[in-house]
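To start, the structure itself, in structure tokens.
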Amino acid sequence: MARQFLSGNEAFAYGVRLASPQVISAYPITPQTIVVEKLSEFVEDGSLKAEFIHVESEHSALSCAMGASSVGARAFTATSSQGLLYMAECLPYAAGGRFPIVMMNANRSTALPWNIYGDQRDSVSQLDSGWIQAYAENAQEALDLALMSFYIAEHKKVSTPFMANLDGFVLTHTYEVVDVPTKKQADEFLPPYITENKMSLEKPKNLGFSAGPDTNTFFKYKEHIGLLNVRNVVGEAEKKFENIFGRKYSGLTENYRTDDADYILITLGSISGLVRETVDKLREQGKKVGMLRIRYMRPFPNEEIAETVRNAKSLGVLEKDISFGNEGTVYTNVNSALKKLGINITSSNYIGGLGGKNISPQEIEEIFEELKQKKTVVRFLGIEVR
């Protein structure tokens with residue numbers, strides 16, 4: 001294992017190289033570009049043996065990946081923002097076809113107004129597409145997630161495409177020291193991709209077929225079960241990962257100082273680092289606060305969230321997303337989890353970081369202060385409503 005100074009994009013690219021995909025379909029878009037550029041360098045210098053296909057659009061990138069997966073190849077692609085929305089037609093095709101493609105999405109605001117900076121409205125808008133969705137906090141997790149995503153997606157009980165999300169610029173373009181595993185370690189962790197869900201002359205089968213009202217629900221149910229199975233497979237993958245690499249992850253969520261917390265803030269992505277620091281600061285002042293980080297939005301961690309916040313007095317959800325005319329989508333999902341499991345505590349929603357707007361430590365401290373009032377609010381950070 002070697003230590004290198006890498007951006008989040010570069011770290012993810014190193015993780016993909018360790019996974020040895022056989023086909024990479026690439027259409028660069030800011031702030032994802034560095035991932036496929038780096039992978040093209042790996043293919044060029046011979047350190048990654050793969051077919052690198054530079055396609056004409058994001059729609060083509062995912063279509064190409066589906067074609068590769070349909071013949072049993074390990075496939076990877078990447079996108080961001082409007083590119084992900086251009087792919088939207090293909091997302092349920094990949095999920096319904098049970099093609100375990102891995103795709104990195106560099107979270108970026110969607111138009112209009114046009115903006116290249118990071119929020120999470122692109123990926124959150126696609127939660128119903130049938131893909132696994134995970135969110136990295138830092139470059140080390142990005143690299144590790146790149147490797148684990150293939151393990152999880154390709155597991156025979158899952159067979160579902162995987163969208164790994166990295167916050168644009170805040171994570172994709174910032175640098176930190178990252179432990180890069182050896183290829184021998186990676187090969188011990190990730191077996192070669194073998195599947196029966198492919199076109200074959202020896203065992204011919206129909207892929208990408210139509211299904212009428214009498215059978216369609218059965219296929220959708222199997223797709224749903226595949227996503228639900230992710231919970232156990234994530235645990236299996238992380239246990240094996242820890243045994244080989246020595247780094248430990250916590251499943252669909254991560255709890256930080258929540259055991260005795262009266263007030264808990266729920267986060268998604270790289271903002272969790274700042275919230276963690278703020279929790280430490282407030283703890284030093286004797287304030288019983290904590291953080292719950294959602295690592296996977298699909299499958300959604302209903303039980304994990306409910307169990308963590310069960311004894312809290314109130315909670316807040318801080319997210320870089322808004323479902324216009326309602327509230328943040330993460331907040332909707334959290335409240336659904338609480339309702340289903342009979343947890344009755346006050347919850348509030350804080351919308352921040354849209355278009356890359358900075359979220360300050362002071363704003364996070366103010367959120368925790370507001371949670372003490374145990375009143376339900378849905379508000380945009382930095383906007384005063386008179």
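- Checked by atom type, the side-chain pair Lys183/Ser47 shows no donor-acceptor distance below 3.5 Å.
- Taking the charged nitrogens against the carboxylate oxygens, Glu307 and Arg310 do have a contact shorter than 4.0 Å, which makes a salt bridge.
- Atoms CG and CG, from Leu371 and Leu265 in turn, are 6.5 Å apart once rounded to the nearest 0.5 Å.
- Looking at residues two or more places apart in sequence or on another chain, you find no salt bridge (Lys or Arg N to Asp or Glu O under 4.0 Å) involving Glu10.
- With sequence neighbours excluded, the residues that form a side-chain hydrogen bond (donor to acceptor under 3.5 Å, both in side chains) with Glu137 are Arg276, Arg293.
- Asn326 places none of its side-chain heavy atoms less than 4.5 Å from the side chain of Val378.
- The structure places OG of Ser360 at 8.0 Å from CG of Leu381, a figure rounded to the nearest 0.5 Å.
- Taking the centre of each ring, Phe162 and Phe150 stay at or above the 6.0 Å mark.
- Note that the CZ atom of Arg17 and the CG atom of Leu143 stand 10.0 Å from one another [nearest 0.5 Å].
- A donor and an acceptor atom, one from each side chain of Asp280 and Tyr256, are located under 3.5 Å apart.
- Within the structure, every pair that satisfies the side-chain hydrogen bond (donor to acceptor under 3.5 Å, both in side chains) test and touches residues 87-107, not counting sequence neighbours, is listed here: His59-Glu89, Asn105-Asp122, Asn105-Asn165, Asn107-Asp122, Asn107-Ser123.
- Gln140 places a side-chain N or O within 3.5 Å of a backbone atom of Asp179 that can act as its donor or acceptor partner.
- Taken to the nearest 0.5 Å, the CD atom of Glu370 stands 11.5 Å off from the CD atom of Glu363.
- Side-chain contact between Val158 and Pro100 is absent, with no heavy-atom pair separated by less than 4.5 Å.
- Here the straight-line distance linking atom CD1 of Ile53 with atom OG of Ser60 works out to 11.0 Å at 0.5 Å rounding.
- Between atom CD of residue Glu154 and atom OG1 of residue Thr195 there is a gap of 8.5 Å, rounded to the nearest 0.5 Å.
- No side-chain donor from either of Ser80 and Arg108 sits under 3.5 Å from a side-chain acceptor of the other.
- Among residues two or more places apart in sequence or in another chain, the side-chain hydrogen bond (donor to acceptor under 3.5 Å, both in side chains) test is passed with Asp262 by none.
- More than 12 heavy-atom neighbours from other residues, nucleotides or ligands sit within 6.0 angstrom of CD on Gln285.
- A ring-centre distance under 6.0 Å is found for Phe5 and Tyr175.
- In this structure a side-chain-to-backbone donor-acceptor pair under 3.5 Å is present from Ser348 to Lys375.
- Annotation: side-chain hydrogen bond (donor to acceptor under 3.5 Å, both in side chains) contacts of Tyr86 (sequence neighbours excluded): none.
- Ring geometry for Phe169 versus Tyr117: interplanar angle of 30 to 60°, hence tilted.
- Under the rule for a side-chain hydrogen bond (donor to acceptor under 3.5 Å, both in side chains), the partners of Glu303 that lie at least two apart in sequence or sit in another chain are Arg231.
- Here the side chain of Ser69 pairs no donor or acceptor atom with the backbone of Met66 at under 3.5 angstrom.
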